[in-house]
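Index from 1, following the sequence.
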Amino acid sequence: MSDLSGEEVARLHEEYVLQPWAKQGAPATPVKRAEGIYFWDYDGKRYADMSSQMVCSNLGHQNQVVVDAIKKQADELCYIAPSFAVEPRGKLAKLLVEIAGAEHFQRVFFTLGGSDSNENAIEIARFYTGRPKILSCYRSYHGSTLGSAFASGDWRRFAYETGGAAPSFVHFLNPSVYEDGFDRTPEDEERCTRQYLHQLEQQIAYEGPETIAAVLMESIVGANGVLIPPKGYMEGVAELCHKNGILLICDEVMAGFARSGKMFTWQNFDLVPDLVTFAKGVTGAMVPLGGVIASKEISKFFESHPLPCGLTYSGHPLACAAGVAATQYYLDNDICAHVRQLEGVLKPRLEEFAERHACVGEARCIGLFAALTLVKDKETRELLAPYHTANGRMPAIFAELKKRGFYTFGRESNLNVCPPLIITEDELNEQLDILDEVLTWADREFCE
């Protein structure tokens, strides 16, 4: 055990670690341990992890089944090159193909995480189709490697576009129902779907469908606010792809592994993608792992063409052993059913917050994948933090939550509620009571 104090751990981080997406030198909370849905700092303060960290600790912290699988594999074989056959690599690939649907899918290319899953899916799509362009949404995030960053739509791509927008990456507007001025009535949803599909169809025509390799989409937009598409939209996108010979890549990095009540979130819609990218929840974040699941047609193509992708740690045995244990845990414990049951607790409570709190414009929830859009004015739909505009309102709300032991994150005016999928009903209600109190505080601070 380390004999460093919390202050020493925090100082090491502050002085020597480059912190992602942040100015350097800011203080960081030193974490001593974690278990289940909670983690503790060095002073013994407990925090409920209501975002599953970065929506990745799906099975909670220190899941013993996964821990034991990692230990067992470490004793047998820590590493072997991707060209060798090793039990956990093959077993996990087969499991994932079966979950995605063995009638449609055949093979898996393993990566280290979400960014390089999307990066390699882009390369596979381009090589397979012989076309250069990738279409993706403005309201999206796909990663921080070069291709996945160019494909991302939110402002985090700006730092990569130092020479202007990247060639062959084209963005289109996807629905954000509340911000677009629609409501969740069937009539509004139908109009929203029709409007956005028409815009996309026009954009495909103007870009030239014969130049487009793939449309890359999060099955449900995650980091940008759990944007649940209006009814029929995802099916419409899939149909446009099919009609124009364009591949559909579903990004399941955040949305996958039971988060929405299905093992893959695209399975909530009436469609089948050509490529599926995954990461995060495949190991419950206990070891880095990601990958691309390829359709039978694409898999067959690469029987006669070399795959233009390669990683030293592709299918790392330790990671795949963790993946087998975690994936089997989802199935053996019917985590999807548990998530659907708790959606019946989380969704109505968040919707009630939207009715009662002046600062809550909209609540969105599917499974345990949820977010609130926070506003200054419900009548005008003025957001509490406009897009890519610095202000202290949202940081103040997150700080108030954290002070009360409720940890989560958000972007712009969105506050995500994505707890570990093993959370109990009592634990969930206890934390929602804290959120309710902080929203009451925010009503007074920002809306009166």
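Around CZ of Phe84, the count of heavy atoms belonging to other residues, nucleotides or ligands within 6.0 Å does not exceed 12. Annotation: Glu103, atom CD; neighbour count of heavy atoms from other residues, nucleotides and ligands within 6.0 Å is above 12. Enclosure of atom CD in Glu207 by more than 12 non-hydrogen atoms of other residues, nucleotides or ligands within 6.0 angstrom is indicated.
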Step-by-step side chain to side chain donor-acceptor pair (under 3.5 Å) determination, Ser260 to Asn268:
CA-CA 8 Å; Ser260 68; Asn268 288 282; 3.0 Å; yes
Please test Lys262 against Glu252 for salt bridge (Lys or Arg N to Asp or Glu O under 4.0 Å), starting from the C-alpha separation and ending with a verdict.
CA-CA 11 Å; Lys262 299 278 190 178; Glu252 292 275 337; over 6 Å; no
Show, in sequence, the C-alpha distance, side-chain angles and deciding distance for Glu98 and Lys94, and conclude whether the salt bridge (Lys or Arg N to Asp or Glu O under 4.0 Å) test is met.
CA-CA 6 Å; Glu98 289 171 349; Lys94 182 174 184 288; 2.5 Å; yes
Pair Lys231-Glu190, salt bridge (Lys or Arg N to Asp or Glu O under 4.0 Å): steps then yes or no:
CA-CA 7 Å; Lys231 186 176 181 181; Glu190 184 180 345; over 6 Å; no
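With salt bridges taken as basic N to acidic carboxylate O contacts below 4.0 Å, none links Glu210 and Arg131. Under a 4.0 Å N-O distance rule, the pair Arg349/Asp433 qualifies as a salt bridge. We find that Lys243 and Glu201 are joined by a salt bridge, their nearest charged nitrogen and carboxylate oxygen being less than 4.0 Å apart.
Relative orientation of the His316 and Tyr79 rings is tilted, given thresholds of 30° and 60° on the angle between their planes. Ring geometry, Tyr196 versus Tyr233: the interplanar angle exceeds 60°, so the pair is classed perpendicular (tilted spans 30 to 60°). Note: Phe39 and Tyr47 have parallel aromatic rings, judged against thresholds of 30 and 60 degrees for the angle between ring planes. Ring geometry, Tyr330 versus Phe257: the interplanar angle falls from 30° to 60°, so the pair is classed tilted.
The residue from Ile220, Thr277, Leu275 that alone fulfils the side chain to side chain contact (heavy atoms under 4.5 Å, CB included) condition with Asp251 is Thr277. A side chain to side chain contact (heavy atoms under 4.5 Å, CB included) with Val339 is found for one member of Ile422, Ile423, Asp334, Leu368 and no other, namely Leu368.
Between the side chains of Ser413 and Thr373, not a single donor N or O lies within less than 3.5 Å of an accepting N or O.
Remark: side-chain polar atoms of Asp180 are paired, donor with acceptor, to backbone N or O of Ser176 under 3.5 angstrom. A distance-only check finds a donor-acceptor pair linking the side chain of Asp154 to the backbone of Arg156 [under 3.5 Å]. Judged purely by atom type and a 3.5 angstrom limit, His305 uses its side chain to pair as donor or acceptor with the backbone of Phe301. For the pair Ser140 (side chain) and Ser152 (backbone), a donor-acceptor distance under 3.5 Å is absent. Side chain of Asn174 to main chain of Arg139: a donor-acceptor pair is present (N/O by atom type, distance under 3.5 Å, no hydrogens or angles). With Asn120 contributing its side chain and Cys309 its backbone, the two residues share no donor-acceptor pair below 3.5 Å.
Both cation-pi conditions hold for Arg381 and Tyr178: the charged atom is under 6.0 angstrom from the six-membered ring centre and inside a 45 degree cone around its axis. A cation-pi arrangement is found for Arg126 relative to Phe169, the charged atom lying closer than 6.0 Å to the ring centre and inside a 45° cone about the ring normal.
Every salt bridge (Lys or Arg N to Asp or Glu O under 4.0 Å) that Glu352 has, sequence neighbours left out, goes to Arg356.
If you look at Phe398 and Tyr407, their ring centroids are not closer than 6.0 Å.
You'll find the side chain of Leu96 stays beyond 4.5 Å of the side chain of Phe105, heavy atoms only.
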